[in-house]
Amino acid sequence: MIDALFFGRVAEALGQRRTQIDVPAEGLSLLSLRARLFIGDDDSKVLMSVNQVIQSGDQALHDGDEVAFFSVFSGG
Amino acid sequence: MIDALFFGRVAEALGQRRTQIDVPAEGLSLLSLRARLFIGDDDSKVLMSVNQVIQSGDQALHDGDEVAFFSVFSGG
Amino acid sequence: MADIDVKLLPETLDPVQEHAAFLACFGHLGAVTAFTGVVRAAAKDVIVDYLYLDWYPGMTEASMHAIAETAAERFEIAALVIRHRCAKVKAGQPVVFVAAASSHRRAAFEAVDYMMDRLKSEAALWKREVGPDIDHWIEPTGKDAEDLQRWSKP
Amino acid sequence: MADIDVKLLPETLDPVQEHAAFLACFGHLGAVTAFTGVVRAAAKDVIVDYLYLDWYPGMTEASMHAIAETAAERFEIAALVIRHRCAKVKAGQPVVFVAAASSHRRAAFEAVDYMMDRLKSEAALWKREVGPDIDHWIEPTGKDAEDLQRWSKP
């Protein structure tokens, strides 16, 4: 199972902060998970992390991974 | 009468912090007061003020003036 | 190794107490610079009731720690502290406190300045501004990018 | 007009209380930068027991006020405070506290940085360093002149 978390503008757009997804037999990549969650491809400002490390490309996900989708940071 | 004040290294060198001097009939200039007080001419780092305004050249002093001689500032 | 202390605070931030504690521990080093950011009641004439700072538990703290570590190394700072609010922060309340202690005045200034610029764009926080006429997510501005760019110059 | 508050303190300086008071009055502006300088117990491996800061009553306050006024104008700062000790200041004790409040973070940083550089060389104070093996007047160094020079660049 994969833990998918959402923050900032992405959480608001999806109307949820967290969901859990089983890894299908054929495997699951980061970008296919993003597509499956309906996180718009047109929004270039969606950032992604796997196990709290920001990732910009695609990669295979594994059972137990924590994946997050979020808008650009703004602190301070 | 003129009030002459000394600060920092100058006060230490002269061994005093203040003296009062009558203005002679022939008048008294800032640089002649400095010479009269034995504040070494060789020490280019002696600064002067008249009535709390820093002065670099010579000028006539007047009864009631407050004159000061001091080393360069160091605060902070 | 620099003494680095980073805390993400969901409930309250007291810059006076943080400053007091930091000075008590590290004041003897000679130079202490502190910055406090407070939520303004208006931004460009629009009333702000509060900020909401969304955060990613674990990752947010790590991102702030990384910023402090880089600052400590780059400016040779002996002690650094970052305190950042998250969740709801009302207008008038402190949202961030950053301090640096060093034996060099300039280093302490630069480290705090640097950390603030990086926190704006690189701390894992998402800031939303809410008021009677507004409710929107804030994203780093061109000015923020410019501020950050200053530190990549040689 | 900027709110400028300058005090020369012959007996004690409490940076925590000064910071608290300044934040209470001006924190709402958004950005507060504060610098505290503490007398170090050693300078270049030589033990320092205390500093003695000689001052010229009236002229010293005026010189510090002039520095604050220039800073307020140059960096468009809403509020500035300078607290400077004079007379005997023991190692470990605060000797200077400077703070600036603004709605602009960068302005608050620059104003404090600027005031510290100018206080070093242009406040009417004379600093003497005293320890078991030393007793000498401090004069601004080449580094201090260089720090000051930064602000004359365009």
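So that the names make sense, note that chain A is the first sequence line, chain B the second, and so on, each numbered from 1.
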Shorter than 4.5 Å, heavy atoms on both sides: which option in A108(C), A91(C), A24(C), A31(C) has the most such pairs with chain D?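 Max contact count across the listed options: A31(C).
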
Closest-packed option against chain D by number of heavy-atom pairs under 4.5 Å, given V95(C), L29(C), D117(C):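 Most heavy-atom pairs within the cutoff with chain D belong to D117(C).
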
Which atoms of V112(C) are under 4.5 Å from chain D, going by heavy atoms: the side chain, the backbone, both sets, or neither?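 V112(C) touches chain D through backbone and side-chain heavy atoms alike.
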
Heavy-atom proximity to chain D below 4.5 Å, by part of F26(C):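 It is neither, since no heavy atom gets under 4.5 Å.
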
Flag if over 12 foreign heavy atoms under 6.0 Å of [atom1], [X]:
{"X": "I47(D)", "atom1": "CD1", "answer": "no"}
{"X": "H104(C)", "atom1": "NE2", "answer": "no"}
{"X": "Q17(D)", "atom1": "CD", "answer": "yes"}

Test side chain to side chain contact (heavy atoms under 4.5 Å, CB included) applied to R106(C) and R150(D), step by step: CA-CA 12 Å; R106(C) 173 119 357 269; R150(D) 295 190 306 140; 2.8 Å; yes

Please report the closest heavy-atom contact between [X] and [Y], naming both atoms and the distance.
{"X": "V16(C)", "Y": "H19(D)", "result": "CA-ND1, 4.3 Å"}
{"X": "P15(C)", "Y": "L23(D)", "result": "CG-CD1, 3.7 Å"}
{"X": "R40(D)", "Y": "H28(C)", "result": "CG-O, 3.7 Å"}

Between D113(D) and R105(C), is the closest basic N to carboxylate O distance under 4.0 Å?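 Salt bridge flag = no for D113(D) with R105(C).
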
Are F109(C) and F35(D) an aromatic pair by the rule of ring centers under 6.0 Å?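 Centroid distance F109(C)-F35(D): below 6.0 Å, so yes.
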
Just so I understand: if I count every heavy-atom pair under 4.5 Å between each of T36(D), V98(D), V96(D) and chain C, which residue has the most?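 Highest number of pairs under 4.5 Å: T36(D).
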
